[in-house]
Amino acid sequence: MPGPVLIYDGRCPFCVAMVRRLRRIDRRGRVRCVSSETPGVLDACGLTVAQTQARAWLRHPSGALVGGAGAVLCALDAVCGWRWGSRLYSWAPVRGLADRGYAWVAANRMRLRFGGLFGGADCGDNCRVGE
């Protein structure tokens with residue numbers, strides 16, 4: 001059975017930089033990272049352009065979708081062999097904090113450069129978040 005698939009906004013320099021970092025630590029190829037710009041990926045996963053511009057999504061091998069902070073934690077769990085990230089996320093207080101943190105990063109990603117650490121290029125209209 002294939003592993004999880006992380007769907008990300010391939011037009012956003014911040015998102016692309018984060019996926020590069022994930023791929024670097026995923027030495028065993030446990031998570032397949034696919035840009036939302038890849039033909040057919042949105043239809044295959046039942047997602048819209050607006051949904052993929054607003055947050056990353058992870059499609060589990062079962063077909064279940066999780067977005068935002070949950071997607072990131074599930075991807076890290078798969079890559080690192082953990083289970084605690086997604087388990088902690090299932091607890092409502094942690095989920096609320098993680099979702100608020102993710103929403104802040106998503107809304108401010110066009111300003112998160114830190115000397116090129118997170119992409120460095122100007123997002124322009126590519127990083128406008130809205131659903």
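Small disclaimer: the values here were computed from a predicted structure and weren't measured. By convention here, the first residue in the shown sequence is residue 1.
- Shown here are the side-chain contact (heavy atoms from CB on, under 4.5 Å) partners of Ala64, two or more places apart in sequence or in another chain: His60, Ser62.
- Under a cut-off of 6.0 angstrom, the local environment of CZ in Arg30 is crowded, with over 12 non-hydrogen atoms contributed by other residues, nucleotides or ligands.
- Minimum interatomic distance between Cys15 and Arg109 (heavy atoms only, all atoms of both residues): SG-NH1, 2.9 Å.
- There is no path of hydrophobic side-chain contacts, each under 4.5 Å, that joins Val16 to Phe14.
- When all heavy atoms of Ala75 and Val31 are compared, the closest pair comes out as O-CG2, 3.8 Å.
- Pairs engaging residues 36-48 under the salt bridge (charged side-chain N to carboxylate O under 4.0 Å, His left out) rule: Arg11-Glu37 [sequence neighbours left out].
- Across every non-hydrogen atom of Gly3 and Pro61, the tightest pair is C-CG, 3.8 Å.
- Among pairs with a residue in residues 67-77, those fulfilling side chain to side chain donor-acceptor pair (under 3.5 Å) read Asp77-Ser86, at least two apart in sequence or across chains.
- Note on Leu58 and Val94: same hydrophobic cluster, where clusters join Ile, Leu, Val, Met, Phe, Trp and Tyr whose side-chain heavy atoms are under 4.5 Å apart, directly or indirectly.
- Residues Ala78 and Pro4 come closest through the heavy atom pair CB-CG, 3.9 Å.
- Hydrophobic clustering, with ILVMFWY side chains joined whenever heavy atoms are under 4.5 angstrom apart, keeps Tyr8 apart from Leu47.
- Remark: Ala56 engages Leu6, Tyr102 in a side-chain contact (heavy atoms from CB on, under 4.5 Å) (not counting sequence neighbours).
- Residues passing the side-chain contact (heavy atoms from CB on, under 4.5 Å) test with Ser36, sequence neighbours excluded: Ile7, Asp9, Leu42, Thr52.
- At a threshold of 4.5 Å between side-chain heavy atoms, the hydrophobic network of Ile, Leu, Val, Met, Phe, Trp and Tyr places Val49 and Val5 in one connected group.
- Note that the CZ atom of Arg23 and the CZ atom of Arg32 stand 10.0 Å from one another [nearest 0.5 Å].
- Applying the ring pair (Phe, Tyr, Trp, His ring centres under 6.0 Å) definition to pairs two or more places apart or across chains, those involving residues 61-83 are Trp82-Trp84.
- Taking all atoms of both residues into account, the shortest heavy-atom contact from Arg59 to Ala44 is NH1-O, 2.9 Å.
- For the pair Leu73 and Val66, the minimum side-chain heavy-atom distance is 4.5 Å or more.
- The backbone N or O of Gln51 sits less than 3.5 Å from a side-chain atom of Trp57, completing a donor-acceptor pair.
- Checked by atom type and distance alone, the side chain of Arg95 pairs as donor or acceptor with a backbone atom of Tyr89 at under 3.5 Å.
- Follow the hydrophobic side-chain contacts under 4.5 Å out from Leu97 and you never reach Val72; the two are in separate clusters.
- In plain terms, the two heavy atoms of Cys33 and Val19 that are nearest each other are CB-CG1, 3.6 Å.
- Formation of a donor-acceptor pair under 3.5 Å by the Asn108 side chain with backbone atoms of Trp104 is found in this model.
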